[in-house]
Structures are given as C-alpha cells and as structure tokens.
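Please read these numbers as outputs of a predicted model, since none were measured by experiment.
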Amino acid sequence: MKKLFQPFHLVTLSPWPLLLSMNLLILMFSVVNWFNNFNYYMLLFSVVLMVLCLYQWWRDVIRESTFQGWHTKKVVLGMKIGMLLFITSEVLFFFSIFWSYFHMFLSPSIEIGGIWPPKNIITFNPYFIPLLNTIILLSSGVTITWCHYSILLKNKKNSFFSLTLTILLGIIFSIFQFMEYSDSSFTISDSVYGSTFFMSTGFHGLHVIIGTMFLLVNLFRIYSNNYSNFHHFGFEAAAWYWHFVDVVWLFLYLLIYFWSS
C-alpha cells in the first residue's frame, strides 16, 4: 500500500492546553481574591503554574519546528494567518476602548459637568513621561527591525544584541509606566476619565509585558541557534506583535495624553 504524504502537521496529543486552561481559571479566581481580600499568595502560586505550563508547551512547539521539521511551508502559512487574525482581534479590542473614549470626549454627559476632562481631574503632562515612553517604544521598533534584518543576513551577534536592546527598552517602558501610575492624582474609580485612562493604558502596559516575554523567549532561541535566515516565524510573530503595540501606543499618546490635556 502506497503511503501518502501531506504537508500539514497533525498535532500529537498534549496535556498543556487543558492544564493551562484550568490554570487560567485558577488565575482568575486568585485575581478576584487578591482584589477583595488583599491576599496574593494564591495569585503567585497560579502564576508559577502558568509559567510552568507555558514553558513546557513552548518547549514542545520548538521541538516540533526546529528538531522534528514538522513546520512545513503550509504549516507556517497557517500560523501566519492565525497570528494576523489574532492581531486583528486585538485591534478590535482596542477599537472598543477608543470608541468609549470618543463617546465621552466628544459628548461629555451632564454627570461629569459637560466638560472633558471632568472637574477635579489633574491630567498628566504629555511632554514628560508619556513623551519619553513614546520615544522608548519607537526606538524599540527600530531595534527589533534591526534584529530582523540581522537574522536575514545570518548575523547572530547583531541579532542577539539588537533584540537584547529591544527587551531592555520594553522593561524600561514598563518601569516608567509604573512610576507614572504611582504619581497619579486620580484612580480608576475617579469618573469615566479614570476608568478609560487606566483601562486603555493598563491593557496596553499588559501587552508590553507579554510582548517583552515573547521577545525574551526569542532571545533564548537565537542564542540556541534555533533560527535560520528563512525559517524564523517565531521571531516574525513576536515582531508583528511588538509593532502592533507600538502603533497602539501612538494612538494612546495622541488621544489619551495629548488631546485630553
């Protein structure tokens, strides 16, 4: 009987999707417990479990792509489409946040005095930390593009160095945003402005942290020689995600910081 070959990857049985989904449920309960009882031990435990599940799941994917050769051109094309659809869903997520912002900005309700920003809200100076964070993120977009071209040119030294710079810039951005939150004169419960501000910038900050972790995994993969100049979609996906985070921040800076000031 002739054996038929096909270019698609039939994924083997894996426990990690089920274990990670159960862990995410525990993580949600632990966050609610943290918010209400100020007890973060359960949260730390669930985060450790999540990292363990992610590590082993990503380890299996790296084995499949790098050592077993199961990620053919057809499989990579499917993953590219999946990543683009995921980024599209993220675009729609932030679009909903900007929609609520424009709803209140263009037509402030009588409950907040008919003005925007509402009374007693001291907004951030857009020329201090927000402008600095804008420069940091734009610079990280340059360094990650440098890393991409270095991979294409088979220059491991430059690709490792430029990606390290990108990760450091992402960490610095998160530190400055934490400093900004610490100095804020309003909270998420201070009118619809506080809710919109912390909802939009907070979720963007979460995306920066996730993107930094994504890039950190790629840094280890570059160090381990997992990528070639034609097979490096793991890095490309991280770069697409990082550029998306950059673009969202530009809209946040112009609308939330600059326009509202």
Side-chain angles (χ1 to χ4, degrees), residues 24 27-38 40 43 84-141 169-212 214 240-261:
L24 291 177
L27 182 66
M28 184 193 70
F29 284 126
S30 63
V31 170
V32 173
N33 180 55
W34 178 37
F35 284 172
N36 289 275
N37 300 323
F38 304 103
Y40 57 86
L43 177 62
L84 289 174
L85 290 175
F86 169 70
I87 292 177
T88 302
S89 70
E90 294 284 285
V91 170
L92 295 176
F93 171 76
F94 279 100
F95 180 80
S96 65
I97 295 178
F98 287 126
W99 185 291
S100 67
Y101 169 79
F102 277 115
H103 176 76
M104 299 307 302
F105 176 79
L106 298 176
S107 181
S109 62
I110 190 66
E111 287 82 5
I112 59 174
I115 60 173
W116 188 267
K119 288 184 177 181
N120 300 324
I121 292 290
I122 303 176
T123 60
F124 290 100
N125 189 333
Y127 299 108
F128 285 175
I129 290 182
L131 180 59
L132 179 59
N133 270 348
T134 302
I135 296 172
I136 289 172
L137 270 191
L138 291 178
S139 302
S140 70
L169 289 172
I171 294 173
I172 293 171
F173 176 92
S174 299
I175 292 173
F176 277 129
Q177 189 170 42
F178 175 77
M179 293 169 57
E180 183 182 65
Y181 281 4
S182 301
D183 294 336
S184 175
S185 61
F186 57 91
T187 66
I188 195 171
S189 60
D190 285 327
S191 78
V192 69
Y193 181 87
S195 301
T196 305
F197 176 85
F198 284 103
M199 184 77 172
S200 56
T201 59
F203 268 108
H204 177 267
L206 178 63
H207 282 71
V208 171
I209 294 173
I210 294 172
T212 304
F214 201 172
W240 294 353
Y241 188 83
W242 196 256
H243 287 307
F244 160 74
V245 169
D246 286 352
V247 173
V248 170
W249 175 257
L250 290 178
F251 282 101
L252 283 174
Y253 176 74
L254 291 174
L255 299 177
I256 305 296
Y257 288 99
F258 185 77
W259 205 357
S260 290
S261 64

Is [Y] close to [X] at the side-chain level, that is, under 4.5 Å between some pair of heavy atoms?
X	Y	answer
Ile135	Ser139	yes
Leu131	Tyr257	no
Leu138	Leu250	yes

Check [X] against [Y] and note the closest heavy-atom contact, atom names and distance.
X	Y	answer
Ser174	Val208	OG-CG1, 3.8 Å
Asn36	Val32	ND2-O, 2.8 Å
Phe124	Ser184	CZ-CB, 3.5 Å
Ile136	Phe173	CG2-CB, 4.2 Å
His243	Gly141	CE1-O, 3.6 Å
Ser140	Trp242	OG-NE1, 2.8 Å

[X] side, atom [atom1]; [Y] side, atom [atom2] - distance, nearest 0.5 Å:
X	Y	atom1	atom2	result
Thr196	Ile188	OG1	CD1	9.5 Å
Leu137	Leu132	CG	CG	10.0 Å
Ser182	Gln177	OG	CD	10.5 Å
Asp183	Phe178	CG	CZ	10.0 Å
Thr201	Leu252	OG1	CG	7.0 Å
Ile112	Met104	CD1	CE	4.0 Å

Tell me whether [X] at atom [atom1] has more than 12 heavy atoms from other residues, nucleotides or ligands lying less than 6.0 Å away.
X	atom1	value
Phe186	CZ	yes
Ile122	CD1	no
Tyr181	OH	yes
Trp34	CH2	no

Please answer whether the main-chain N or O of His103 pairs with a side-chain N or O of Ser107 as donor and acceptor at a distance below 3.5 Å.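 Flag not set: sc Ser107 to bb His103 has no pair under 3.5 Å.
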Counting distance only, does the side-chain N/O of Ser200 pair as donor-acceptor with the main-chain N or O of Phe197 below 3.5 Å?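 Yes, Ser200 side chain to Phe197 backbone: donor-acceptor pair under 3.5 Å.
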Side chain to side chain contact (heavy atoms under 4.5 Å, CB included) between Val192 and Trp116: does it pass, once the steps are laid out? CA-CA 10 Å; Val192 69; Trp116 188 267; 3.6 Å; yes
Aromatic ring centroids of Tyr193 and Phe105 under 6.0 Å? no
Contacts under 3.5 angstrom, residues 90-102 side chains, donor-acceptor by atom type, not counting sequence neighbours:
unit_1: Glu90; atom_1: OE1; unit_2: His207; atom_2: NE2; d: 2.1
unit_1: Ser96; atom_1: OG; unit_2: Phe93; atom_2: O; d: 2.4
unit_1: Ser100; atom_1: OG; unit_2: Ile97; atom_2: O; d: 2.6
unit_1: Tyr101; atom_1: OH; unit_2: Leu255; atom_2: O; d: 2.5
unit_1: Tyr101; atom_1: OH; unit_2: Ser260; atom_2: OG; d: 2.7

Output every pair passing side chain to side chain donor-acceptor pair (under 3.5 Å) with a member in residues 120-135, not counting sequence neighbours, ordered by first then second residue.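 Every pair satisfying side chain to side chain donor-acceptor pair (under 3.5 Å) with a residue in residues 120-135: Thr134-Trp249.
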